[in-house]
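Each remark here refers to the structure printed beneath this line.
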Amino acid sequence: GALPVWWRAAKGGWSNPESPDWFREYAKRVVGELGELCEYWIPVHEGMHGLVAGYQQGHWPPEVRSRRGLEAVMGHQLEAHSFAYRGIKERYPDAQVGFSVRAASYVPGNPYNAWDARIAWREGRRNNFLMLDELTGRSGDALVDFLGVSYFGRRVVSVRWGGPRAALVGYSKDSDLDCVADPEGLAGLLDSYGSYSLPVILLGNGCAHVTDEAQCGYLLDHVEVVRGAMERGVDIRGYVYHSLLNGFEWNRGYADRYGLMVVDRERMTRSPNSIALLYKELCETGMVRDSTVAKFCPARGRIAEEVLS
């Protein structure tokens, strides 16, 4: 999310070595005001996602390309999470404090190119696991009670040469929309996250599609993947669709339409998309009904009813 002006402009934001201490004081204030209302906390939301956009791709603030800068800020954010975790637990021992990851399946732009394959593997390891590995491996105490995972789809990456010794990571244009659906990629990631022996909550799963039926198909495909992971023993405690409304994205405005509700911005009225009605039925019944699929995704044909919980 956005940083306060006093944090970013006056003091340099997360790049300042004192930022974990500032965050500790900020967390104390938030917990003091909202602690009785919250059961689940995520002090640092999707940290690596912002770091890659800001320090590798350079199209989010601070808009610099610096590996050292990325590593330094990552360390500051992990320290801030640790401070916040201890502070929350001190005041509310039963609170659940998690760590979140913006996950994706990373595939090479050219699967026959060794450089592309290597970059795809590296980006997947770093973006999906690096901060979590650092957090859980820093001490005997794993300062995290659950893992929050957001997953939207596939990221296609390739090597772009910037000179004889300079290799940059290039992301395909379509991937910037986070809507290249890849449910199988989520299946593999859930199995990997299950190895951390932490409860998993899907904090965000959704996609911008042109048609209602495509959106409904996306939801059904990914719910099926979640059900399969639970059957394989992954401790999944919840699933949240992303999102209720079409969010205002910093770099794309309202261009991406993935919300459950349609907002008429002239009349300021809200009406549900087809996917909202489908999601409602899944939540109420815990199963995918044959009649539901026929109604919302007629092109998929008939399926047997399957219990989801």
Side-chain angles (χ1 to χ4, degrees), residues 1-35 38 40-90 95 97-104 106 122-139 141-150 152 155 168-169 171 176 178 203-204 247-252:
L3 297 178
V5 172
W6 62 266
W7 182 302
R8 169 83 171 99
K11 299 188 178 183
W14 283 113
S15 63
N16 192 312
E18 297 181 15
S19 58
D21 294 312
W22 306 336
F23 192 83
R24 173 167 47 191
E25 296 305 312
Y26 170 76
K28 285 182 180 179
R29 178 66 180 271
V30 173
V31 172
E33 295 291 334
L34 304 176
C38 296
Y40 295 92
W41 298 81
I42 296 179
V44 180
H45 180 61
E46 298 180 357
M48 184 57 76
H49 177 65
L51 294 182
V52 169
Y55 288 90
Q56 176 180 300
Q57 297 172 327
H59 61 240
W60 282 12
E63 299 180 302
V64 297
R65 293 180 181 239
S66 170
R67 179 178 177 179
R68 290 184 179 180
L70 186 150
E71 292 173 348
V73 171
M74 181 182 74
H76 298 161
Q77 290 189 352
L78 289 171
E79 188 175 4
H81 169 90
S82 299
F83 286 161
Y85 181 93
R86 293 187 178 97
I88 295 170
K89 287 292 191 176
E90 181 179 348
V97 185
F99 188 79
S100 73
V101 178
R102 175 77 164 263
Y106 288 82
R122 188 194 72 182
E123 291 297 289
R125 286 302 309 172
R126 177 172 60 185
N127 295 340
N128 294 330
F129 301 105
L130 180 57
M131 289 189 77
L132 182 61
D133 288 343
E134 289 284 330
L135 181 65
T136 56
R138 285 194 165 202
S139 66
D141 297 327
L143 301 179
V144 55
D145 299 323
F146 69 92
L147 177 59
V149 178
S150 297
F152 302 101
R155 306 282 288 179
L168 305 176
V169 180
Y171 284 76
D176 291 338
D178 283 335
L203 294 177
F248 181 84
E249 304 296 332
W250 288 110
N251 56 336
R252 298 194 294 270

**Message:** Quick one: does any side-chain atom of Asn128 pair with a main-chain N or O of Ala104 as donor and acceptor, under 3.5 Å?
**Reply:** yes
**Asked** Is the side chain of Arg24 donor-acceptor paired with the backbone N or O of Ala80 at a distance under 3.5 Å, no angle test?
**Response** no
Pairwise distance [atom1]([X]) to [atom2]([Y]) - rounded to 0.5 angstrom:
X      : Y      : atom1 : atom2 : answer
Leu51  : Met74  : CG    : CE    : 8.0 Å
Ser100 : Met48  : OG    : CE    : 12.0 Å
Met131 : Gln77  : CE    : CD    : 5.0 Å
Glu79  : Leu135 : CD    : CG    : 12.0 Å
Arg125 : Glu123 : CZ    : CD    : 12.5 Å

Any side-chain heavy atom of [X] within less than 4.5 Å of one from [Y]?
X      : Y      : answer
Glu46  : Leu203 : no
Leu143 : Phe83  : no
His76  : Trp22  : no

**Request:** For the residue pair Asp145 and Tyr40, confirm or rule out a side-chain donor-acceptor distance under 3.5 Å.
**Result:** no
To check you understand the geometry: which heavy-atom pair defines the closest contact between [X] and [Y], and what is its length?
X     : Y      : answer
Phe99 : Val144 : N-CG2, 3.6 Å
Val44 : Gly47  : CG1-CA, 4.2 Å
Ala95 : Lys89  : O-NZ, 2.6 Å
Pro43 : Gly98  : CD-O, 3.5 Å

**Item:** Arg29: side chain to side chain donor-acceptor pair (under 3.5 Å) partners, not counting sequence neighbours
**Value:** none
**Prompt:** Quick one: do Glu25 and Lys28 make a salt bridge, cutoff under 4.0 Å?
**Reply:** yes
**Salt-bridge contact Glu90-Arg86 (side-chain N to carboxylate O under 4.0 Å)** = no
**Fill in**
Contacts of Ser15 meeting side-chain contact (heavy atoms from CB on, under 4.5 Å) (sequence neighbours excluded), chain-then-number -> Tyr55, Val73
**Item:** By side-chain contact (heavy atoms from CB on, under 4.5 Å) - contacts of Tyr26 (at least two apart)
**Value:** Phe23, Val30
**Request:** Test side chain to side chain contact (heavy atoms under 4.5 Å, CB included) on Phe129 and Thr136 and set out the steps.
**Result:** CA-CA 11 Å; Phe129 301 105; Thr136 56; over 6 Å; no
